[in-house]
Undergrad: 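A single structure is presented below for examination.
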Amino acid sequence: MENIATTRMSSKGQIVIPEAIRKRLNLKEGDQFMVVGERDVVILKAIVAPNPEPFDALIQQARQQAKLAGLKRADITRAVSKARGRG
């Protein structure tokens, strides 16, 4: 598989990622990238959202602890507002 290809920048600063690379990396419309530039090097790094499944157990545990502590949703909302300086 080819790892190197050429492309051009449009007058709007847009660059097309060649189709072969998009397919190999499974890139889709709307994907986001971090862009790093240093001298004559530009690096695009795809930003991939983490899998939320490992957090499910942690969220469930937090909900159980909140229930045991007698916290209600309004208490949480109030605490978040206070922490953000709005309350």
Side-chain angles (χ1 to χ4, degrees):
M1 290 198 191
E2 188 64 35
N3 291 326
I4 299 174
T6 61
T7 190
R8 293 180 189 258
M9 186 170 64
S10 75
S11 62
K12 295 180 180 182
Q14 298 167 325
I15 297 175
V16 174
I17 299 171
E19 182 179 17
I21 292 175
R22 289 193 318 262
K23 284 183 176 181
R24 187 166 38 84
L25 298 178
N26 197 31
L27 300 175
K28 305 288 184 216
E29 181 180 342
D31 285 352
Q32 293 186 332
F33 298 85
M34 178 174 58
V35 181
V36 179
E38 183 68 33
R39 296 189 184 156
D40 67 340
V41 176
V42 177
I43 299 171
L44 296 176
K45 169 72 172 107
I47 299 172
V48 181
N51 182 350
E53 289 182 23
F55 298 101
D56 289 345
L58 183 62
I59 291 168
Q60 184 62 31
Q61 183 181 1
R63 285 180 175 154
Q64 288 174 348
Q65 291 295 323
K67 187 175 182 178
L68 287 174
L71 289 175
K72 298 196 175 12
R73 196 173 291 264
D75 299 325
I76 307 271
T77 302
R78 204 171 16 260
V80 169
S81 292
K82 185 175 179 181
R84 291 180 176 168
R86 298 180 196 156

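Predicted, not measured: the structure shown is a model, and the values here were computed from it.
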Undergrad: With sequence neighbours excluded, tell me which residues meet side chain to side chain contact (heavy atoms under 4.5 Å, CB included) with I59.
TA: F55, R63
Undergrad: Is any side-chain heavy atom of L71 closer than 4.5 Å to a side-chain heavy atom of I76?
TA: yes
Undergrad: Identify whether I21 and V42 are in the same connected component of the hydrophobic contact network (ILVMFWY, side-chain heavy atoms under 4.5 Å).
TA: yes
Undergrad: Side chains of I43 and E38, heavy atoms from C-beta outward: is any pair under 4.5 Å?
TA: no
Undergrad: Report yes or no: does T7 contribute a side-chain atom to a donor-acceptor pair with the main-chain N or O of V16 at less than 3.5 Å?
TA: yes
Undergrad: In Å, rounded to the nearest 0.5 Å, how long is the span from NZ of K72 to CZ of R78?
TA: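 K72 atom NZ to R78 atom CZ measures 10.5 Å (nearest 0.5 Å).
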Undergrad: Taking side-chain hydrogen bond (donor to acceptor under 3.5 Å, both in side chains) as the definition, give me every residue that meets it alongside N26, ordered by chain and number, with sequence neighbours left out.
TA: K28
Undergrad: Got a sec, which residues hit side chain to side chain contact (heavy atoms under 4.5 Å, CB included) with N51, two or more places apart in sequence or on another chain?
TA: E53, P54
Undergrad: Under the 4.5 Å side-chain heavy-atom rule for ILVMFWY, direct or indirect, which residues accompany M9?
TA: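 Cluster partners of M9: I15.
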Undergrad: Listed by chain and number, what are the side chain to side chain contact (heavy atoms under 4.5 Å, CB included) partners of A46, not counting sequence neighbours?
TA: L27, F33
Undergrad: Nearest 0.5 Å, what's the CG-CD1 distance between L25 and I17?
TA: 8.0 Å
Undergrad: Name all pairs fulfilling the salt bridge (charged side-chain N to carboxylate O under 4.0 Å, His left out) condition that reach into residues 6-21, sequence neighbours left out, sorted by first residue then second.
TA: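 Qualifying pairs: E19-K23.
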